[in-house]
Enquirer: 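Here it is, the structure in full.
All values below come from the heavy atoms of this structure, side chains included, with hydrogens, waters and symmetry mates left out. Every value quoted in this text rests on a predicted model; they were computed, and no experiment measured them. Residue indices begin at 1 and follow the sequence shown.
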Amino acid sequence: MIGMVMTNATSLMIPHGGIQPYLGTNPICVCAPAGEEPPFVFDGATTVVARGKITVAAKMGAKIPLDWGVDAQGHPTDKPGDVVALSPLGGYKGYDLAAAVDILSGVLAGGPFGQYIGVLGAVAGPQRVGHFFLALKIEAFRDLAGFRADMDTFLRELRSQPPAPGSKGVLVAGDPERAEMAARLAGGIPVPDEIEADMRRLAEQFGVAVADPIV
């Protein structure tokens, strides 16, 4: 089957043309099987980046691109510590996609949406996010073997497109993650010093043993 999954989330994104967060990062995931090729696996937030990347940049004292988020006055900022809201991916397009996710995951389900979703990790109550799932049975549209063969052709032709100057070539959704997984399985996961310090502090606070080194 072809799968589509999406979820709404805590208000972090400014609507296009606004300065106050209302929508969440509201990620969308679409997956499709192939034959000999690995499946197409797309999973991405409707903001330019996920909040976690800004948190990591702040801990490392690094600057961020100006299109990642805005400060309290609604101005783009390269200082991660000043970010109070995230910017939508592609301007109004990311904003509209996020709104569509909230309609399908929240409004359609009769659940919270936008600013009415709880804060992740808050002790006041559950976050009450909503989810939307769609599964398309390929054989209801065409024969499965033919679909898989066409997917193989589609994915191979995408990867074989001429690369842009300075590019490493054309990839499809799922390729970077598979390469990263192989590298991490072989060499471990690099942990910045600031993150390791946080992990050790939390481990000591809650009496949890920590491997040494953390990688």
Enquirer: Can you check whether D150 reaches R142 side chain to side chain, under 4.5 Å on heavy atoms?
Expert: yes
Enquirer: Hey, are D198 and R201 close enough for a salt bridge, meaning a charged N less than 4.0 Å from a carboxylate O?
Expert: yes
Enquirer: Taking atom CG of N8 and atom CG of D102, what is their separation to the nearest 0.5 Å?
Expert: 4.5 Å
Enquirer: Under the salt bridge (charged side-chain N to carboxylate O under 4.0 Å, His left out) test, which residues partner K137, sequence neighbours left out?
Expert: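 By the salt bridge (charged side-chain N to carboxylate O under 4.0 Å, His left out) rule, K137 matches no residue at all.
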Enquirer: If the condition is salt bridge (charged side-chain N to carboxylate O under 4.0 Å, His left out), which residues does E157 pass it with, not counting sequence neighbours?
Expert: none
Enquirer: Checking one residue: F206. Which other hydrophobic residues are in its cluster under the side-chain 4.5 Å linking rule?
Expert: L202, V208
Enquirer: Rounded to the nearest 0.5 Å, what's the gap from CD on Q127 to CD1 on I117? Could you check?
Expert: 7.0 Å
Enquirer: Less than 4.5 Å apart, any side-chain heavy atom of P33 and any of M1?
Expert: no
Enquirer: Is I138 reachable from F42 through a run of hydrophobic residues whose side-chain heavy atoms are each under 4.5 Å from the next?
Expert: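 The answer is yes; both residues are in one hydrophobic cluster.
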Enquirer: Please list every donor-acceptor pair under 3.5 Å in which a side-chain atom of residues 15-28 meets a protein atom from a residue at least two apart or in another chain.
Expert:
residue	atom	partner	partner atom	Å
N26	OD1	A9	N	3.1
N26	OD1	G24	N	3.4
N26	ND2	A98	O	2.9

Enquirer: Check ring-ring contact (aromatic ring centres under 6.0 Å, His included) between Y95 and all other residues, then give those that pass, not counting sequence neighbours.
Expert: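 Residues passing ring-ring contact (aromatic ring centres under 6.0 Å, His included) with Y95: none at all.
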Enquirer: If we only count heavy atoms from C-beta on, is the M199 to V210 side-chain gap below 4.5 Å?
Expert: no
Enquirer: Would you find more than 12 non-hydrogen atoms of other residues, nucleotides or ligands less than 6.0 Å from F133 atom CZ?
Expert: yes
Enquirer: Any chain of hydrophobic side-chain contacts (each under 4.5 Å) joining V30 to F132?
Expert: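 Per the 4.5 Å side-chain linkage, V30 and F132 are co-clustered.
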Enquirer: Kindly give the cluster partners of I64, where membership spreads through any ILVMFWY side chain lying under 4.5 Å from a current member.
Expert: L12, V48, V49, I54, W68, V83, L86
Enquirer: Between M13 and V119, is there a shared hydrophobic cluster once you connect ILVMFWY residues whose side-chain heavy atoms come closer than 4.5 Å?
Expert: no
Enquirer: Check this for me: R178, atom CZ, are more than 12 non-hydrogen atoms of other residues, nucleotides or ligands nearer than 6.0 Å?
Expert: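 It does: R178 CZ has more than 12 such atoms within range.
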Enquirer: Mind jotting down which residue pairs meet the ring pair (Phe, Tyr, Trp, His ring centres under 6.0 Å) criterion with at least one end in residues 149-189? Sequence neighbours excluded, please.
Expert: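 The answer is none; no pair qualifies.
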Enquirer: Do you know the tightest heavy-atom contact between G81 and A58?
Expert: N-CB, 4.4 Å
Enquirer: Write down the atom of P163, the atom of G169, and the distance for their closest heavy-atom approach.
Expert: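 Shortest heavy-atom separation between P163 and G169 comes out as CB-CA, 3.7 Å.
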Enquirer: Could you pull out all donor-acceptor pairs under 3.5 Å where a side-chain atom in residues 103-115 meets a protein atom, sequence neighbours excluded?
Expert:
residue	atom	partner	partner atom	Å
S105	OG	M6	O	3.4
S105	OG	V101	O	3.1

Enquirer: Verify side-chain contact (heavy atoms from CB on, under 4.5 Å) between F147 and I2, making sure each step is shown before the conclusion.
Expert: CA-CA 11 Å; F147 174 85; I2 295 174; 3.8 Å; yes
Enquirer: Check F40 against A173 and note the closest heavy-atom contact, atom names and distance.
Expert: CE1-CB, 3.6 Å
Enquirer: Sub-3.5 Å donor-acceptor pair from the side chain of T47 to the main-chain atoms of S87, do we have one?
Expert: no
Enquirer: Going by salt bridge (Lys or Arg N to Asp or Glu O under 4.0 Å), name the pairs with one or both residues in residues 65-88, residues two or more places apart or in two chains.
Expert: K63-D78
Enquirer: Which distance, rounded to the nearest 0.5 Å, do you find between the CD of Q161 and the CG of L171?
Expert: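 Taking CD in Q161 and CG in L171, the distance rounds to 12.5 Å.
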Enquirer: Among Ile, Leu, Val, Met, Phe, Trp and Tyr joined by side-chain contacts under 4.5 Å, find the other residues sharing a cluster with I14 and list them by chain and number.
Expert: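 V70, listed by chain and number.
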Enquirer: Is it true that R200 and E204 have a side-chain N and a carboxylate O under 4.0 angstrom from each other?
Expert: no
Enquirer: Can L185 be reached from I189 by stepping across I, L, V, M, F, W or Y side chains whose heavy atoms are under 4.5 Å apart?
Expert: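 Per the 4.5 Å side-chain linkage, I189 and L185 are not co-clustered.
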Enquirer: Within the 4.5 Å heavy-atom criterion, are V5 and H131 side-chain neighbours or not?
Expert: no
Enquirer: Considering only heavy atoms from C-beta outward, does the side chain of D175 approach that of R159 to under 4.5 Å?
Expert: yes
Enquirer: Taking only residues two or more places apart in sequence or in another chain, which ones pass side-chain contact (heavy atoms from CB on, under 4.5 Å) with D152?
Expert: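 D152 satisfies side-chain contact (heavy atoms from CB on, under 4.5 Å) with A34, E36, E37, R156 only.
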Enquirer: Under the 4.5 Å side-chain heavy-atom rule for ILVMFWY, direct or indirect, which residues accompany V170?
Expert: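 None, because no other hydrophobic side chain comes under 4.5 Å of this residue.
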Enquirer: Nearest 0.5 angstrom please: D43 CG to E177 CD, how far?
Expert: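 Atom-to-atom, D43:CG and E177:CD are 8.0 Å apart.
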